[in-house]
Amino acid sequence: MIQALRGTRDILPEEIGYWQLIEDTVREILGRAVYQEIRAPIFEQTALFERGIGEATDVVGKEMYTFNSKGGNKSITLRPEGTAGVVRAYIENKLHAQGGVQRLWYTGPMFRYERPQAGRQRQFHQVGLELLGCAAPRGDAEVIALAIDILQALGLKDLKLDINSVGNQEDRTKYRQVLVDYLEPYKNDLDEDSKDRLTRSPLRILDSKDTKTQEIAQNAPKIIDSLSPESKKHFDIVLQLLTDLNIEYQINHCLVRGLDYYTHTAFEIKSNDLGAQATVCGGGRYDGLVKELGGPETQAVGWAIGMERLVILLQKLSSNPINTPDLYLVSRGEAAEAQSLLLAQQLRQTGLAVELDLSGSAFGKQFKRGNRSGAVACLVLGDAEAENNTVNLKWLASGEQQAIAQKDLLAMTEELKTKIIKLKGFD
RNA sequence: GCGGGCGUAGCCAAGUGGUUAAGGCAGUGGUUUGUGGUACCACCAUUCGCGGGUUCAACUCCCGUCGUCCGCCCCA
């Protein structure tokens with residue numbers, strides 16, 4: 001048997017309601033803030049990610065699905081994240097020429113070659129947002145506020161917002177040296193991975209999970225003390241705006257994100273219910289990326305939410321919103337079966353959800369299925385009804401039923417809908 | 001790439017060396033051939049992920065392999 005590849009999976013109907021709920025919520029909330037959806041390709045030239053994300057990062061170094069294009073010598077990569085592609089599209093389509101800011105969002109699959117574990121897949125899905133052409137701290141705060149809005153609208157609580165500033169390029173270079181000077185004496189107490197990072201990317205030592213390393217990192221000089229006055233001011237304003245918005249946060253001096261393009265604000269929204277992969281939403285400012293990829297100097301800020309992780313959280317909160325029929329249409333006999341589809345279609349066109357039993361089995365069996373389908377009423381179409389173009393409408397809760405002409409039924413669908421809404425007990 | 005747990009029906013599982021592999025849910029048929037939700041009855045794994053080995057005897061022990069889950073690394 002051919003199975004789905006490791007790290008990929010099918011999202012089945014029993015789960016799809018959560019996905020649709022997330023997508024609907026995102027569309028609504030971002031729509032109100034007048035963000036526009038953008039759809040970029042799922043594969044791009046490898047160089048885009050190498051330059052955008054950074055050659056030294058793990059994502060580029062060991063996690064990309066890269067292959068050669070058929071017949072060509074072009075190296076192609078399945079996107080491991082969304083920002084690089086959106087920025088490429090922004091530059092290529094000269095969206096910057098429209099002046100002002102561009103507010104964009106996207107959703108879709110991403111690909112990273114990693115060992116699957118809780119909340120991590122090789123093909124996974126993100127919804128992300130990019131605010132391009134805005135240097136102001138208000139941009140950082142708007143973007144964070146929207147992420148919180150989405151998560152709250154979905155009913156999630158107990159989420160924590162961690163925030164930090166990694167400053168601009170010079171701030172980081174300066175801090176890097178300060179940090180290395182501090183860590184050097186403790187070199188032998190660090191875990192193996194962190195020893196390696198001491199030269200490659202010392203900032204990442206800060207968020208090591210090794211307890212010994214964490215203790216050392218706790219007392220390390222803080223990056224915000226190395227920030228230039230302008231960088232510090234930017235960060236302070238962002239924090240003040242969050243406070244004004246009534247958004248709780250905590251400064252996490254050890255928060256440094258893994259992609260090279262981040263500058264200034266970096267943040268993560270985490271949950272305790274996700275196992276080792278606690279981050280539901282991660283993002284920050286990336287003022288240098290557009291220029292790095294060949295566009296004009298453009299400041300920007302954005303985030304990405306991991307859909308799988310969000311679905312895991314939603315599953316703990318509520319049951320899957322399921323698409324159930326309003327009416328279940330039961331039919332038996334040649335003429336009745338012939339009429340049944342037409343009647344179902346006519347009813348569907350009025351806005352009712354009608355499930356048609358196609359089995360042709362005994363009425364008893366069809367009713368049993370109708371009962372389980374979640375419908376509030378069955379429509380019964382047998383030989384007698386077919387003969388005089390009527391149908392039996394049977395309310396399942398009360399058991400009462402009435403014969404009614406098919407055309408009369410079609411004329412009273414509005415009435416039916418209000419009754420069904422009442423019986424279903426929700427919209 | 002490294003470390004650990006687990007693979008018995010569509011799902012949840014019991015069985016841990018000895019003739020026919022519990023049970024529950026779901027499904028199908030029936031009691032009820034034009035009326036459901038309850039109840040009762042019947043059917044539903046020649047086989048325990050796969051391959052090899054040990055043994056008179058393997059779902060059970062051993063080796064390998066594949067899959068899956070959890071963790072490290074990294075990230076959403």
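Convention: sequence-line order gives letters A, B, ...; per-chain numbering from 1.
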[atom1] of [X] versus [atom2] of [N]: gap in Å, rounded?
X        : N     : atom1 : atom2 : result
A:Arg122 : B:A76 : CZ    : C1'   : 17 Å
A:Lys62  : B:G1  : NZ    : P     : 11 Å
A:Glu114 : B:A76 : CD    : C1'   : 10 Å
A:Glu308 : B:A76 : CD    : P     : 13 Å
A:Lys209 : B:G3  : NZ    : P     : 19 Å
A:Asp58  : B:A76 : CG    : P     : 12 Å
A:Glu14  : B:A26 : CD    : C1'   : 13 Å
A:Phe124 : B:C75 : CZ    : C1'   : 7 Å

When the [atom1] atoms of [M] and [N] are compared, how many Å lie between them, rounded to an integer?
N     : M     : atom1 : answer
B:C61 : B:U46 : C1'   : 24 Å
B:U54 : B:A58 : P     : 11 Å
B:G67 : B:G49 : C1'   : 7 Å
B:C43 : B:C25 : P     : 16 Å
B:G29 : B:U60 : P     : 37 Å
B:G37 : B:A76 : C1'   : 45 Å
B:U16 : B:U8  : C1'   : 13 Å
B:A22 : B:A45 : C1'   : 13 Å

Base-pairing assignment for [N] (Watson-Crick or G-U wobble, both under 3.5 Å):
N     : answer
B:U55 : none
B:A26 : none
B:C6  : B:G67
B:C72 : B:G1
B:U47 : none

Quiz prompt | From CG (A:Leu310) to CG (A:Leu151), nearest 0.5 Å | solution = 6.0 Å

Quiz item: At what distance, to the nearest 0.5 angstrom, does CD of A:Gln299 lie from NE2 of A:His264?
Solution: 8.5 Å

Quiz item: With nearest nucleotides of RNA chain B determined for A:Ala276 and A:Thr279 from heavy-atom distances, which residue corresponds to the more 5′ nucleotide?
Solution: A:Ala276

Practice problem: Nearest-nucleotide wise, let me know which of A:Tyr113 and A:Val256 is further upstream toward the 5' end of RNA chain B. | Solution: A:Tyr113

Quiz item: Does OH belonging to A:Tyr186 count more than 12 external heavy atoms closer than 6.0 Å?
Solution: no

Quiz item: Above 12 or not: heavy atoms from other molecules or residues under 6.0 Å from NZ of A:Lys291?
Solution: no

Quiz item: Are A:Asp140 and A:Thr265 close enough, and set up right, to give a side chain to side chain donor-acceptor pair (under 3.5 Å), and what steps lead you there?
Solution: CA-CA 7 Å; A:Asp140 307 47; A:Thr265 313; 2.6 Å; yes

Could you tell me whether [X] contacts a base, only the sugar-phosphate backbone, or nothing, with contacts defined as non-hydrogen atoms closer than 4.0 Å?
X        : answer
A:Cys378 : nothing
A:Arg204 : sugar-phosphate
A:Gln277 : base
A:Gly283 : nothing

Quiz item: In terms of side-chain heavy atoms, does A:Arg369 have a donor or acceptor partner in A:Ser359 at a distance below 3.5 Å?
Solution: yes

Practice problem: Go through the side-chain N and O atoms of A:Asp210 and A:Gln214 and say whether any donor and acceptor fall under 3.5 Å apart. | Solution: no

Quiz item: Considering only heavy atoms from C-beta outward, does the side chain of A:Tyr106 approach that of A:Thr83 to under 4.5 Å?
Solution: yes

Practice problem: Indicate yes or no: at least one non-hydrogen side-chain atom of A:Leu379 is less than 4.5 angstrom from one of A:Asn392. | Solution: no

Exercise. Take nucleotides 28-41 of chain B nucleotide by nucleotide from the 5' end and write B, S or -, depending on whether a protein heavy atom sits under 4.0 Å from the base, only from the sugar-phosphate, or from neither.
Key: SSS--SBBBB----

Exercise. Determine, for A:Tyr328 and A:Lys394, whether the Lys NZ or Arg CZ falls below 6.0 Å from the six-membered ring centre while staying within 45 degrees of the axis.
Key: no

Exercise. Might you work through the salt bridge (Lys or Arg N to Asp or Glu O under 4.0 Å) test for A:Arg88 and A:Glu44, ending with a clear yes or no?
Key: CA-CA 10 Å; A:Arg88 197 224 78 240; A:Glu44 299 268 5; 2.5 Å; yes

Pairwise N/O distances under 3.5 Å, protein to nucleotides 65-69 of chain B:
| residue | atom | partner | partner atom | Å |
| --- | --- | --- | --- | --- |
| B:G67 | OP2 | A:Arg6 | NH2 | 2.9 |
| B:U68 | OP2 | A:Arg6 | NE | 3.2 |

